[in-house]
Amino acid sequence: MTTTTPDWTALAASVQYPTELLIEGEWSAGSTRYEVVSPIDGRIVTEVAMADASDVDRAVASARAAFEDRRWAGMAPADRKDVMVRWAHLVNDHADELAVLTALEMGKPAREAKAIDVRACHRTLRWFGESIDKVLDEMPKVGDSSWAMVEREPAGVVGAVTPWNFPLTLETWKIAPALAVGCSMVLKPAENAPLTALYVAQLALEAGLPDGVLNVVNGLGSVAGAALAGHMDVDIITFTGSTATGRAIMTAAAQSNMKRPYLELGGKGANLVFPDADLDAAAAAAAWAITYNAGQMCTAGARLIVHESVKEEVLTKVLEAMAAAQPANPLEDDAPIGAVASARQLDAIHGIVVEGLGQGGRLLMGGEPVLTETGGSYYPPTVVDGLQPDSLLAQKEVFGPVLTVLPFSSDDEAVRIGNATDYGLASAVWTNDLSRARRVSKALRMGTVWVNCYEEGDLTVPFGGVKQSGFGSDKSLHAMDKFTDLKTTWIELP
Ligand code: NAP
Ligand code: MG
């Protein structure tokens, strides 16, 4: 990856990328086309092909044919590994293009897209690629007169439906483990963020991924996404997005061929700050956790659950740090945060803030869209205090830079408030007392608990939720298990 900083605005004007559907290794026109609108300034970036149900049928047929003739699953593991590692390196070679496309389609700073999203895409492809020939099958001890072999068989055709908040990262968290085990895939990227998906798919062809192993069907969730979820010839549907859509996908899976769903859904993350914590570190992290990516993170630290004895001190520091995280043009290299992903997302965020403030509470910062003169979609850091743990702003996922402050007076109360949502994705505990750290982190029903940090992770550890945040983790070797079926072959020896 280059370490120099390009002129993002110039690159945004000159970058070339595919705009069709990818089916059977060919760029294919869809039934119709739609406009991709940039949240930076409301300009139409391009038109891309839009898949309807018949296009999804073609893509699934292509993935099925690739799977059945074993053009990919049947390749020597070391050769499949080479393709994926080559692909990973091509991602790095095109880091600037991928970063600027991310900024254009969903509004995050190009600088951040390069440092985080492109890097995650590269590392995920490489990590799962390199794992291919290191995961072994099993041979249980069943006595002298028999052999039993337990093999991890690729599950077949995987449908993937992904969101726009970290388009490259979240797509690759699905693509890499599924392809590593030998499945083929049809990817439906977020309607407003198809460009990065198409670009990465183009690099896959360049890396030598056989035709039909990865197909991309841009389009609407209600059409192309629903067609995939309800398809009779898709074996697995893997999804990241909202809880409401997850429910629809699970229903469609049940009502069609009982394909198995894996759902990574919403969250209402919290920072639990205890009086013995390093309050400077906790406040800095709490401000970051709700402003990073303009708060459009399923793991966003949307609640500041803080001991009443240190509330004023922590809040002062949080407000100061959040005040510095103002939105700016994401093509400027020093933009603290960028645009929110779309005009629709801006309306959704602001609508929840207005409705939430209708229940009371004190607005300490933000609360109105900014930079409206740009034609883009920008929301400032927003903080609300004085609401109850069961209020709308303490419960509903906003998916924007909106922090709700909730005080507590005992450890039990902190845990109770922390757990009092339908979600269970991630939260952080801030304390220097090891026993308290262990007790509280154990009591939080979350897929991930961070102690004295936020959003730390690595490809070696799983990422996923409990409760209505979903099931079936991304990342780590466990992600490969999701895309395999265990097959037993029992051989009776004469
Ligand atoms: P979304 O509306 O659920 O969309 C996610 C994807 O599902 C998009 O590709 C969407 O297509 C598609 N979709 C919509 N309706 C569908 C249907 N009936 N059948 C099949 N697919 C359908 O969510 P979003 O608004 O894009 O993203 C924000 C949400 O995602 C937040 O709630 C956030 O918490 C969640 N999220 C969770 C994680 C996680 O890892 N747990 C990560 C990121 C985001 P369209 O683009 O056409 O709508
Ligand atoms: Mg949507």
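Counting starts at 1 for both ligands and their atoms, in listed order. Numbering of residues begins at 1 and proceeds along the displayed sequence.
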I need the atoms of ligand 1 closer than 4.0 Å to a non-hydrogen atom of [X], numbered in the order shown.
| X | value |
| --- | --- |
| V161 | 6 (C), 7 (O), 9 (O), 12 (C), 21 (N) |
| F463 | 40 (O) |
| L220 | 47 (O) |
| E264 | 37 (C), 38 (C), 39 (C), 40 (O), 41 (N) |
| G266 | 34 (O) |
| P189 | 9 (O) |
| P163 | 26 (O), 27 (O), 43 (C), 44 (C) |
| E191 | 45 (P), 46 (O), 47 (O), 48 (O) |

With sequence neighbours left out, what residues match K467 under salt bridge (Lys or Arg N to Asp or Glu O under 4.0 Å)?
->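 In terms of salt bridge (Lys or Arg N to Asp or Glu O under 4.0 Å), with neighbours along the sequence ignored, K467 is linked to no residue.
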
Could you tell me which residues satisfy salt bridge (Lys or Arg N to Asp or Glu O under 4.0 Å) with E456, sequence neighbours excluded, listed by chain and number?
->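 Scan of E456 (salt bridge (Lys or Arg N to Asp or Glu O under 4.0 Å), adjacent residues dropped) gives none.
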
Evaluate [X] for polar contact with ligand 1, using N/O atom pairs at a separation under 3.5 Å.
| X | answer |
| --- | --- |
| E397 | yes |
| T243 | no |
| T240 | no |
| K188 | yes |
| T245 | yes |

Tell me whether [X] is salt-bridged to [Y], with the criterion being a basic N under 4.0 Å from an acidic carboxylate O.
| X | Y | result |
| --- | --- | --- |
| K108 | D117 | yes |
| D422 | K396 | no |
| R58 | D55 | yes |
| D235 | R64 | yes |

Is it true that the side chains of T19 and R33 contain a donor and an acceptor less than 3.5 Å apart?
->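 A pair is found: one side chain offers a donor N or O, the other an acceptor, under 3.5 Å apart.
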
Consider ligand 1: state whether an atom of it lies below 4.0 angstrom from any non-hydrogen atom of F166.
->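 Contact check F166 vs ligand 1: negative.
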
Would you mind finding which of G241, S473, G465, C298 brings a heavy atom closest to atom 35 (C) of ligand 1?
->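 Ranked by closest heavy atom to atom 35 (C) of ligand 1, first place is G241.
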
Heavy atoms only: which of T162, L170, T251 is nearest to atom 6 (C) of ligand 1?
->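 Selected option, by shortest heavy-atom distance: T162.
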
Can you tell me how far NE2 of H122 sits from OG1 of T169, rounded to the nearest 0.5 angstrom?
->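 That separation rounds to 13.0 Å.
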
Side-chain heavy-atom pair V449, S427 within 4.5 angstrom cut-off =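 Result no, sub-4.5 Å side-chain heavy-atom pair not found.
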
Can you find a pair of side-chain heavy atoms, one from Q326 and one from P380, that are under 4.5 Å apart?
->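 They are in contact (side-chain heavy atoms under 4.5 Å apart), so the answer is yes.
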
Of the backbone atoms (N, CA, C, O) and the side-chain heavy atoms from C-beta on, which set of Q296 has a member under 4.0 Å from an atom of ligand 1: side chain, backbone, both, or neither?
->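 Q296 to ligand 1: no contact under 4.0 Å from either part.
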
Under-4.0 Å heavy-atom contact with ligand 1, by part of S242 that carries it |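 For S242, the contact with ligand 1 is made by both the backbone and the side chain.
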
Give a yes or no answer on whether the side chain of E171 reaches the backbone of T162 with a donor-acceptor pair at less than 3.5 Å.
->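 Side chain of E171 to backbone of T162, a donor-acceptor pair under 3.5 Å: no, none is there.
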
